[in-house]
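Worksheet: one structure, shown below.
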Amino acid sequence: ELRRTPIIALTANAMEGDRGLCLRAGMDDYVSKPVNPEKLYEVSCSALFGTSTTNILAQKPQVETKSVAVESLPVVDLERLRLCTDGKPDMERTIVKVFLTSGEASVKMLTESAEPNGNAEQWKAAAHKLKGSSAQIGARRLSEYCRQAENDFAAAPESKRKAAANINKAFEDIRVFFQLRERERE
């Protein structure tokens, strides 16, 4: 018996009505970025098994989540990075180069937007962009700082300057991490 492969849209579009557009285009379901693993699991179970996930979720081992200080998060989670690169050093170099180049622009925009006359929407957009790209390569600390900054886009300039300094430091830690990693490969 032939089975149809379910198609789940994974998109950065998170506006009201986007899910309907995906379904009308023939998708079985829709998940927006940043991806929530619980939501992805729920949508996948529904698409694969055609049932509510209540019974499936009851059987799924529960993972205890703990509040973790941002500073204790790894500079780069190598397991996450390997998902993007298939463990290929050349692919990693390319991804890191693109990340560092685009990340510099986001860090600069955050620094400029932290000033008293800074643009809150630019702050939010830069934090969002850097949050997603850093999460993709496993830069969990930077991603978390950016998540906080994105949520606090209307904060006072002093708070934004502190957040921008944390983001800048985390970004530089990533640059150093990859420089050392390259030296180790030589």
Side-chain angles (χ1 to χ4, degrees), residues 1-65 73 76-77 79-88 90-92 94-110 113 118-155 163 167 171:
E1 171 185 342
L2 291 175
R3 292 185 59 194
R4 185 181 157 285
T5 301
I7 300 172
I8 300 170
L10 176 61
T11 177
N13 296 332
M15 302 300 290
E16 191 174 322
D18 287 337
R19 183 175 190 274
L21 289 171
C22 289
L23 296 177
R24 285 192 296 281
M27 307 291 171
D28 294 286
D29 215 324
Y30 159 95
V31 177
S32 64
K33 292 187 336 183
V35 176
N36 174 328
E38 293 295 322
K39 178 69 176 171
L40 180 59
Y41 182 79
E42 179 183 323
V43 168
S44 298
C45 287
S46 178
L48 290 170
F49 306 116
T51 182
S52 163
T53 58
T54 306
N55 292 333
I56 296 168
L57 290 173
Q59 298 169 12
K60 181 179 159 217
Q62 296 300 311
V63 178
E64 186 177 319
T65 58
L73 292 171
V76 175
D77 177 348
E79 288 302 314
R80 178 66 184 106
L81 180 62
R82 280 188 197 98
L83 291 174
C84 294
T85 65
D86 292 328
K88 297 175 182 171
D90 288 343
M91 187 178 289
E92 180 181 310
T94 300
I95 289 172
V96 169
K97 183 178 180 182
V98 169
F99 169 78
L100 291 174
T101 301
S102 68
E104 284 174 1
S106 294
V107 170
K108 182 179 180 197
M109 186 175 289
L110 284 163
S113 298
N119 183 312
E121 288 304 314
Q122 284 182 341
W123 170 274
K124 189 174 180 179
H128 178 79
K129 180 179 179 183
L130 192 54
K131 174 188 72 175
S133 61
S134 57
Q136 282 298 112
I137 67 160
R140 294 176 52 203
R141 185 181 308 165
L142 178 58
S143 183
E144 180 57 22
Y145 278 135
C146 290
R147 184 194 65 75
Q148 292 171 0
E150 181 182 16
N151 289 340
D152 296 338
F153 71 96
I167 289 168
F171 186 79

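If you read the sequence from its start, that first residue is 1, and numbering goes on from there.
Checked against side-chain hydrogen bond (donor to acceptor under 3.5 Å, both in side chains), Gln122 has no partners two or more places apart in sequence or in another chain. Judged as a ring pair (Phe, Tyr, Trp, His ring centres under 6.0 Å), and not counting sequence neighbours, Tyr145 has no contacts. Asp86 meets the salt bridge (Lys or Arg N to Asp or Glu O under 4.0 Å) test with no other residue; sequence neighbours excluded. In this structure, the side chain to side chain contact (heavy atoms under 4.5 Å, CB included) partners of Lys108, at least two apart in sequence or on a different chain, are Glu112. For Glu144, the salt bridge (Lys or Arg N to Asp or Glu O under 4.0 Å) test picks out Arg147, with sequence neighbours left out. Not a single side-chain hydrogen bond (donor to acceptor under 3.5 Å, both in side chains) links Arg140 to another residue, sequence neighbours left out. Listed by chain and number, the residues in a side chain to side chain contact (heavy atoms under 4.5 Å, CB included) with Ala155 are Asp152, Ser159, Lys160 (sequence neighbours excluded). Annotation: side-chain hydrogen bond (donor to acceptor under 3.5 Å, both in side chains) contacts of Gln136 (sequence neighbours excluded): Arg80. Under the ring pair (Phe, Tyr, Trp, His ring centres under 6.0 Å) criterion, Phe153 pairs with no residue, sequence neighbours left out. In terms of the side-chain hydrogen bond (donor to acceptor under 3.5 Å, both in side chains) criterion, Glu121 has no residue partners (sequence neighbours excluded).
In this structure a side-chain-to-backbone donor-acceptor pair under 3.5 Å is present from Arg141 to Leu73. Without hydrogens or angle criteria, Ser143 side chain to Ala139 main chain gives no donor-acceptor distance under 3.5 Å.
In this structure, Lys97 NZ and Thr94 OG1 are separated by 8.0 Å, a value rounded to the nearest 0.5 Å. The distance from atom OG of Ser106 to atom CD1 of Ile167, rounded to the nearest 0.5 Å, is 9.5 Å. Distance check: Leu110 CG to Cys146 SG gives 6.5 Å after rounding to the nearest 0.5 Å.
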Q.
Using side chain to side chain contact (heavy atoms under 4.5 Å, CB included), reason through Ser133 and Ile137 one step at a time and then give a plain yes or no.
A. CA-CA 7 Å; Ser133 61; Ile137 67 160; over 6 Å; no
Q: For the pair Ile8 and Met27, evaluate side chain to side chain contact (heavy atoms under 4.5 Å, CB included) and give the outcome as yes or no after the intermediate values.
A: CA-CA 6 Å; Ile8 300 170; Met27 307 291 171; over 6 Å; no
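Taking each heavy atom of Phe99 and Leu142 in turn, the nearest pair found is CZ-CD2, 3.8 Å.
Using a 4.0 Å cut-off between charged side-chain N and carboxylate O, Glu150 and Lys131 make a salt bridge.
Between Trp123 and Met109 there is no side-chain heavy-atom pair separated by less than 4.5 Å.
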